[in-house]
Number of protein chains: 2
Amino acid sequence: MSQPNLCDLKSCFLCSSCLTEWVSVIGQERKNITVKKSQTLFKEGDPVTGMFFVYSGKLKVHKRWDHEKEIILRFAQRGDIVGHLGLGDEPAYPVSATAIEPVTVCYIPMAFFEATLNINHGFATKLMRFFANELHESEKRMRNFVHMPVKGRVAQALITLQKQFGVNNEGCINIELSRQDLASFSGTVYESLFRAVNELVAADLIKLIGKHIRILKEDALLEMIASENILIK
Amino acid sequence: MSQPNLCDLKSCFLCSSCLTEWVSVIGQERKNITVKKSQTLFKEGDPVTGMFFVYSGKLKVHKRWDHEKEIILRFAQRGDIVGHLGLGDEPAYPVSATAIEPVTVCYIPMAFFEATLNINHGFATKLMRFFANELHESEKRMRNFVHMPVKGRVAQALITLQKQFGVNNEGCINIELSRQDLASFSGTVYESLFRAVNELVAADLIKLIGKHIRILKEDALLEMIASENILIK
DNA sequence: CGCATGCTTGAGCACGTTCAATTGCGGTGG
DNA sequence: CCACCGCAATTGAACGTGCTCAAGCATGCG
């Protein structure tokens with residue numbers, strides 16, 4: 001596999017200028033790691049040793065409840081950062097990261113990363129702002145899980161996925177996701193997700209094309225969510 | 001009311017050294033604001049103009065679902081920070097902050113705060129780390145809301161409150177909270193909370209003393225939560 | 001061809017919400 | 001001092017959503 005160039009990560013949440021600066025510093029420190037589909041990059045409880053920048057492929061970041069239940073917190077793809085929760089005070093990762101496609105990431109040892117933080121002002125601030133946005137998203141989602149019924153949660157999940165991954169040339173959400181994973185991302189169980197999807201198909205709001213899902217009426221989905229929530233924003 | 005001295009905020013999440021430095025800079029910029037019980041400091045949708053450091057009193061930070069439902073995301077007391085979600089990219093606060101006791105806060109205009117960020121390295125990094133921890137907490141709580149039944153959520157809420165506010169001289173959780181607020185913090189409705197509390201009292205795990213709640217067997221509460229969750233951490 | 005695995009559907013059940021009615025209590029005014 | 005009002009606390013009952021369990025069905029691979 002050819003050596004990916006970190007500069008391609010410009011699409012990352014970091015502004016290209018400060019990233020370029022940063023990349024030039026770490027040039028010799030970075031190490032690429034590849035993992036196969038369904039293998040984990042790290043697991044809950046693993047000691048934090050570093051962070052990861054995704055170069056290619058898609059990952060799910062998830063948190064276990066018991067042996068058969070989990071919740072998928074977010075997905076990551078090219079340009080995204082993974083393992084950043086390790087920056088908190090916990091010495092162990094509070095989440096797991098698992099590849100849902102073959103993945104290549106750039107590994108940055110934590111000690112080096114922290115040293116960089118102390119050197120590069122803008123970087124720490126950008127990261128802070130990134131975390132603020134993530135926290136905002138998380139709290140919005142938490143509220144939705146508490147108050148929104150399953151069908152709405154599934155609709156919301158699909159819209160979120162389309163926003164993040166875009167659509168392929170058939171107009172489908174550009175990610176191949178097992179039903180189980182979609183259920184975990186929607187905060188429900190396999191069967192409930194299944195029925196919710198069926199209802200959305202029956203209502204002509206979405207369409208199944210092979211293993212992919214195409215959103216037919218996004219506004220109708222949003223409408224459906226909003227109808228259960230007067231003050232959606 | 002006497003002018004509170006910001007240096008007393010040492011107990012804040014920021015290390016005292018960098019806070020002291022910071023405080024000396026803002027000396028002349030700070031402005032104290034007081035709000036009465038049940039008044040809001042800011043509401044969802046208000047334009048972000050600054051941040052707040054709590055000098056005295058207690059606040060709830062909450063997010064509305066519809067006109068009668070909300071979720072309480074966290075509480076804040078002396079030394080805590082409020083309005084920090086305004087640091088994200090949204091131009092408006094995504095949450096509201098309401099006093100549950102008479103409150104005095106120190107107001108910092110956002111422009112000034114951001115300028116400070118650019119000057120003081122350690123500060124931005126500390127803030128970043130704070131956000132990372134908050135995000136971690138938020139995601140743990142999100143998972144709990146999805147998978148934990150109401151009784152467990154209430155037990156969890158009580159333990160969280162005791163951890164944050166400690167106990168008074170009667171051994172009760174040192175916060176006076178309406179049942180409605182406790183319900184919103186537990187992610188359920190008034191009546192369900194009521195019954196859950198009753199069950200906990202009946203099982204001799206907690207005790208009601210006036211308007212306060214005393215945890216009798218914290219380990220038993222944790223046990224109860226864990227029994228529904230093999231892998232609690 | 002047979003077994004295994006995942007997908008699909010049905011039925012029952014439990015939890016939690018909703019709605020409604022009652023009780024208790026503090027404050028207010030006659 | 002009592003009567004009344006209002007509000008929060010409390011309880012009961014019914015309903016609905018979503019989870020669980022289990023059986024049927026398709027698919028694939030040895």
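Throughout, a chain's letter reflects where its sequence line sits, starting with A, and its residues are numbered from 1.
- Applying side-chain contact (heavy atoms from CB on, under 4.5 Å) to B/Leu182 and the options B/Val154, B/Ile175, B/Ile213, B/Ile72 leaves one that passes, B/Ile213.
- Atom NZ in A/Lys211 sits about 12 Å away from atom P in D/dT27, given to the nearest Å.
- The distance from atom CG of A/Asn198 to atom P of D/dG18 is 15 Å, rounded to the nearest whole Å.
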Distances for protein N/O vs nucleotides 15-18 of chain C N/O pairs under 3.5 angstrom?
{"unit_1": "C/dG16", "atom_1": "OP1", "unit_2": "B/Val150", "atom_2": "N", "d": "2.6"}
{"unit_1": "C/dT17", "atom_1": "OP1", "unit_2": "B/Thr188", "atom_2": "OG1", "d": "3.0"}
{"unit_1": "C/dT17", "atom_1": "OP2", "unit_2": "B/Thr188", "atom_2": "OG1", "d": "2.7"}
{"unit_1": "C/dT17", "atom_1": "OP2", "unit_2": "B/Ser192", "atom_2": "OG", "d": "2.3"}
{"unit_1": "C/dT18", "atom_1": "OP1", "unit_2": "B/Lys69", "atom_2": "NZ", "d": "2.9"}
{"unit_1": "C/dT18", "atom_1": "O4", "unit_2": "B/Arg195", "atom_2": "NH2", "d": "3.3"}

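- Taking atom CG of residue B/Leu177 and atom C1' of nucleotide D/dA9, one finds them 16 Å apart after rounding to whole Å.
- Between B/His84 and B/Phe131, the ring planes are tilted. Angles from 30° to 60° get that label.
- As a whole-Å value, the separation of B/Glu176 CD from D/dA8 P is 14 Å.
- If you take CZ of B/Phe194 and P of D/dG12, they are 10 Å apart, rounded to a whole angstrom.
- Residues A/Asn168 and A/Asn174 have side chains that never bring a donor and an acceptor to within less than 3.5 angstrom of each other.
- Taking the six-membered ring where the residue is Trp, the centroids of B/Phe42 and B/Phe52 are separated by under 6.0 Å.
- Ionic pairing of B/Glu176 and B/Lys58 is not present here: no N-O contact between side-chain nitrogen and carboxylate oxygen is shorter than 4.0 angstrom.
- Between A/Glu199 atom CD and D/dG18 atom C1' the separation is 11 Å, expressed in whole Å.
- Checked by atom type, the side-chain pair B/His62/B/Ser184 shows no donor-acceptor distance below 3.5 Å.
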